[in-house]
S.K.: 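Here's a structure for you.
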Amino acid sequence: EVQLVESGGGLVQAGRSLTLACATSGFTFDDYGIGWFRQAPGKEREGVSCIYRKDSSTYYADPVKGRFTIWSDNAKNMMYLHMNSLKPEDTAVYYCAAIRGSSYYTASKCIYGMDSWGKGTQVTVSP
């Protein structure tokens, strides 16, 4: 069973940094696309950043390009999202998600759907 547990959220001031972590179990990183999504109050959930180790691809949504960095540690079954230069509009619940990959899969396809989700961690950025 795929399990995903997020941590690292909190309250930070605009311009500061924060690193989220996702502890995973039940699958092999190389076989799965994994990523971060977020949902702000009153808005739809959106893809933030994804990674697929099998083809070494990554995806970043336009609003976070150049500010956020995703990476995974296969040995620890962990995925991370380092967020720099945080803005109030980054305030949201951040979710870790995963989907089994295929020969046609690449990281950018994560925005079309994921199979498994964590419960989320709140990130609040104050002005």
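Heavy-atom basis, side chains included; hydrogens, waters and symmetry copies ignored. Fair warning: this is a prediction, and the values are worked out from it, not measured in the lab.
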S.K.: Do any pairs count as a salt bridge (charged side-chain N to carboxylate O under 4.0 Å, His left out) and have a residue in residues 1-26, sequence neighbours left out, and if so which ones?
M.R.: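 For residues 1-26: none.
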S.K.: Do any pairs count as a disulfide bond (SG atoms under 2.5 Å apart) and have a residue in residues 61-112, sequence neighbours left out, and if so which ones?
M.R.: Cys22-Cys96, Cys50-Cys110
S.K.: List in chain and number order the residues that pass salt bridge (Lys or Arg N to Asp or Glu O under 4.0 Å) with Arg67, two or more places apart in sequence or in another chain; answer none if no residue qualifies.
M.R.: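 In terms of salt bridge (Lys or Arg N to Asp or Glu O under 4.0 Å), with neighbours along the sequence ignored, Arg67 is linked to Asp90.
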S.K.: Once you round to the nearest 0.5 Å, how far does CH2 of Trp36 lie from CE of Met79?
M.R.: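 Taking CH2 in Trp36 and CE in Met79, the distance rounds to 5.0 Å.
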S.K.: Applying ring pair (Phe, Tyr, Trp, His ring centres under 6.0 Å), which residue pairs with at least one partner in residues 58-79 are found, sequence neighbours left out?
M.R.: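 Output for this query lists Trp71-Tyr80.
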S.K.: Which atom pair, heavy atoms only, marks the closest approach of Gly33 to Met114?
M.R.: O-CE, 3.6 Å
S.K.: Measure the CD-CG distance between Gln3 and Asn77 for me, rounded to the nearest 0.5 Å.
M.R.: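 Rounded to the nearest 0.5 Å, the CD-CG separation comes to 12.0 Å.
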S.K.: Just jot down the salt bridge (Lys or Arg N to Asp or Glu O under 4.0 Å) partners of Asp31, sequence neighbours excluded, or say none.
M.R.: Lys54
S.K.: Is the number of heavy atoms from other residues, nucleotides or ligands under 6.0 Å of Glu89 CD greater than 12?
M.R.: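 Yes, because the 6.0 Å sphere around CD of Glu89 holds more than 12 heavy atoms from other groups.
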S.K.: Looking at residues at least two apart in the chain, or sitting in another chain, which of them share a side chain to side chain donor-acceptor pair (under 3.5 Å) with Glu46?
M.R.: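 Only Arg38 meet the side chain to side chain donor-acceptor pair (under 3.5 Å) criterion with Glu46.
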S.K.: Between Val2 and Ala98, which heavy-atom pair has the shortest distance, and what is it?
M.R.: CG1-CB, 4.5 Å
S.K.: Mind checking side chain to side chain donor-acceptor pair (under 3.5 Å) for Ser72 and listing every partner two or more places apart, or none if nothing turns up?
M.R.: Arg53
S.K.: Scan residues 96-127 for pairs that pass ring pair (Phe, Tyr, Trp, His ring centres under 6.0 Å), counting only residues two or more places apart or in two chains.
M.R.: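 Of all non-adjacent pairs touching residues 96-127, those that pass ring pair (Phe, Tyr, Trp, His ring centres under 6.0 Å) are Phe37-Trp117, Tyr52-Tyr105.
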S.K.: Can you name the residues that form a side-chain contact (heavy atoms from CB on, under 4.5 Å) with Thr106, not counting sequence neighbours?
M.R.: Asp55, Ser57, Ser108, Lys109
S.K.: Set out, in order, the CA-CA distance, both residues' side-chain angles and the distance that settles side-chain contact (heavy atoms from CB on, under 4.5 Å) for Phe29 and Thr24, then state yes or no.
M.R.: CA-CA 9 Å; Phe29 267 25; Thr24 77; 3.0 Å; yes
S.K.: Please answer: with hydrophobic residues joined when any side-chain heavy atoms are less than 4.5 Å apart, are Leu4 and Ile99 in the same cluster?
M.R.: no
S.K.: I'd like a table of donor-acceptor pairs (distance under 3.5 Å, sequence neighbours excluded) in which one partner is a side-chain atom from residues 81-88, with atom names and distances.
M.R.:
unit_1: His82; atom_1: ND1; unit_2: Thr19; atom_2: OG1; d: 2.6
unit_1: His82; atom_1: NE2; unit_2: Asn84; atom_2: OD1; d: 2.9
unit_1: Asn84; atom_1: OD1; unit_2: Ser17; atom_2: OG; d: 2.6

S.K.: Rounded to the nearest 0.5 Å, how far does OG of Ser56 lie from CD1 of Ile51?
M.R.: 8.0 Å
S.K.: Can you give me every donor-acceptor pair (side chain of residues 118-127, partner residue at least two apart or in another chain, under 3.5 Å) with its distance?
M.R.:
unit_1: Thr121; atom_1: OG1; unit_2: Gly9; atom_2: N; d: 3.2
unit_1: Gln122; atom_1: NE2; unit_2: Ala92; atom_2: O; d: 3.4
unit_1: Gln122; atom_1: NE2; unit_2: Thr124; atom_2: OG1; d: 3.3
unit_1: Ser126; atom_1: OG; unit_2: Val12; atom_2: O; d: 3.4

